[in-house]
Amino acid sequence: MERPSWAPADVDLDRPSVARVYDYYLGGSHNFAADRAFAEQILKVMPAVGPLTRSNRAFLRRAVTMLAAQGVQQFIDLGSGIPTVGNVHELVPDGKVVYVDHDPVAVAHSRAILADVPGTAVVAADLRAPADVLATPQVQGLLDFTQPIAFLLAAVLHFVPDEERPADIVAGYAAAGVPGSHIVLSHAGLDRPLTPAEEEAQEMYRKSPTPLILRSSQEVAKLLDGLTILEPGVVATYDWRPDPGTETAPDGDAIGCAAVARKD
């Protein structure tokens, strides 16, 4: 396989990467045969994953656009993966965006992609340690903590088990922001039993380096305790302030939810 210019030399192209698999779901171009093969295994048993992943990305776009319209111009994209489709910095061209991921594949690709993009930074850090992330030179050098910041936790906390206290992770970031800062959160989960296909897909992820933990909408709401959850609340991802004319799936078909919460 010929290595493209954006793929760093120390990245193994023959081993699937969660970040590149996600990129493939989104219809991006920063993925390889191994990533596509794993993604197709998931899509074979659960075809809805592709559209739902794109729905999650669309939610992120709507949330970021809404916050930018309200004057928020600083964003930390936690567990950002590869910023190739629906980039946050493209939605806020005059803003400042820090991309954070602990996956060396995602970090290496992100640094190559964003090397010449002003107002952006890439941090190699684990989002589960808010104090460490926020203390990095890239975050401290780019962002102004006297102004509101939006902390983006899109489709990442379902990889954090209960014993690692995801609510404390959210609280750690919220505590660092001034009033007017926000948490943007989306999460895989169900308010109904899994179908056999969904169980099979979850089992495939369980055997991967990043097992998937599904949580109900009520459990997701508890992650935002102490914050003001904006309307329409914790809802199916595609039902969070959908664009006019956008078709939405019935609530019973939702396998993910989303919310935006403000620090007052």
Non-hydrogen side-chain atoms of [X] and [Y] separated by less than 4.5 Å:
X: V64; Y: V184; answer: no
X: I169; Y: V160; answer: yes
X: V107; Y: H102; answer: no
X: R61; Y: L91; answer: yes
X: Y99; Y: V88; answer: yes
X: I76; Y: L152; answer: no
X: V72; Y: I149; answer: no

### Task
Mind checking salt bridge (Lys or Arg N to Asp or Glu O under 4.0 Å) for D264 and listing every partner two or more places apart, or none if nothing turns up?
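Checked D264 against salt bridge (Lys or Arg N to Asp or Glu O under 4.0 Å); matches are R262.
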
### Query
Listed by chain and number, what are the salt bridge (Lys or Arg N to Asp or Glu O under 4.0 Å) partners of D101, not counting sequence neighbours?
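Once residues adjacent in sequence are excluded, D101 has no partner under the salt bridge (Lys or Arg N to Asp or Glu O under 4.0 Å) criterion.
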
If I compare all heavy atoms of [X] with all of [Y], which pair ends up nearest, and what's the gap?
X: A63; Y: V260; result: CB-CG2, 3.9 Å
X: L157; Y: R215; result: O-NH1, 3.0 Å
X: A167; Y: K222; result: CB-O, 4.5 Å
X: R62; Y: T237; result: NH2-O, 3.1 Å
X: S110; Y: G81; result: OG-O, 3.3 Å
X: A34; Y: P16; result: O-CG, 3.5 Å

### Task
For R54 and G27, indicate whether the former's side chain and the latter's backbone hold a donor-acceptor pair under 3.5 Å.
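Side chain of R54 to backbone of G27, a donor-acceptor pair under 3.5 Å: no, none is there.
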
Distance from [X] atom [atom1] to [Y] atom [atom2], nearest 0.5 Å?
X: L223; Y: L153; atom1: CG; atom2: CG; result: 9.5 Å
X: Q74; Y: F145; atom1: CD; atom2: CZ; result: 8.0 Å
X: D23; Y: D35; atom1: CG; atom2: CG; result: 8.5 Å
X: H187; Y: L214; atom1: NE2; atom2: CG; result: 8.0 Å
X: D77; Y: T120; atom1: CG; atom2: OG1; result: 12.0 Å

### Query
Partners of L224 by side chain to side chain contact (heavy atoms under 4.5 Å, CB included), sequence neighbours excluded?
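In terms of side chain to side chain contact (heavy atoms under 4.5 Å, CB included), with neighbours along the sequence ignored, L224 is linked to V170, I183, L185, L227, I229, A259, A261.
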
#### Entry: Residue list, side chain to side chain contact (heavy atoms under 4.5 Å, CB included) with Q138, at least two apart or on another chain
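With neighbours one apart ignored, the set is R111, A121, V123, T136.
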
Listing, residues 128-135 side-chain donor-acceptor contacts under 3.5 Å, not counting sequence neighbours, or none:
from: R128; atom 1: NE; to: D126; atom 2: OD1; distance (Å): 2.9
from: R128; atom 1: NE; to: D126; atom 2: OD2; distance (Å): 3.0
from: R128; atom 1: NH1; to: E164; atom 2: OE1; distance (Å): 2.9
from: R128; atom 1: NH1; to: E164; atom 2: OE2; distance (Å): 3.2
from: R128; atom 1: NH2; to: D126; atom 2: OD2; distance (Å): 2.5

Could you state whether [X] and [Y] fall into the same hydrophobic cluster, counting links through intermediate Ile, Leu, Val, Met, Phe, Trp or Tyr residues with side-chain heavy atoms under 4.5 angstrom apart?
X: F159; Y: F38; value: yes
X: L143; Y: V117; value: no
X: L142; Y: L67; value: no
X: M66; Y: V235; value: yes
X: L60; Y: V122; value: yes

### Task
Sort and list the pairs that fulfil ring-ring contact (aromatic ring centres under 6.0 Å, His included) and have at least one residue in residues 160-181, not counting sequence neighbours.
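Checked against ring-ring contact (aromatic ring centres under 6.0 Å, His included) - neighbours excluded - the pairs reaching residues 160-181 are F151-Y173.
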
The criterion is side-chain hydrogen bond (donor to acceptor under 3.5 Å, both in side chains); which residues satisfy it with [X], sequence neighbours excluded?
X: H182; value: none
X: S186; value: N56
X: Q140; value: none
X: T53; value: none

### Query
Less than 6.0 Å separating the ring centroids of F75 and H89?
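Here the rings of H89 and F75 have centres that are no less than 6.0 Å from each other.
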
For residues 40-50, which side-chain donor-acceptor pairs fall under 3.5 Å, sequence neighbours excluded?
from: E40; atom 1: OE2; to: Y24; atom 2: OH; distance (Å): 2.4

### Query
Step by step, would you call K96 with D144 a salt bridge (Lys or Arg N to Asp or Glu O under 4.0 Å)?
CA-CA 10 Å; K96 297 177 180 178; D144 178 0; over 6 Å; no

### Task
Output all residues satisfying ring-ring contact (aromatic ring centres under 6.0 Å, His included) with F59, sequence neighbours left out; order by chain, then residue number.
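ring-ring contact (aromatic ring centres under 6.0 Å, His included) list for F59, sorted by chain: W240.
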
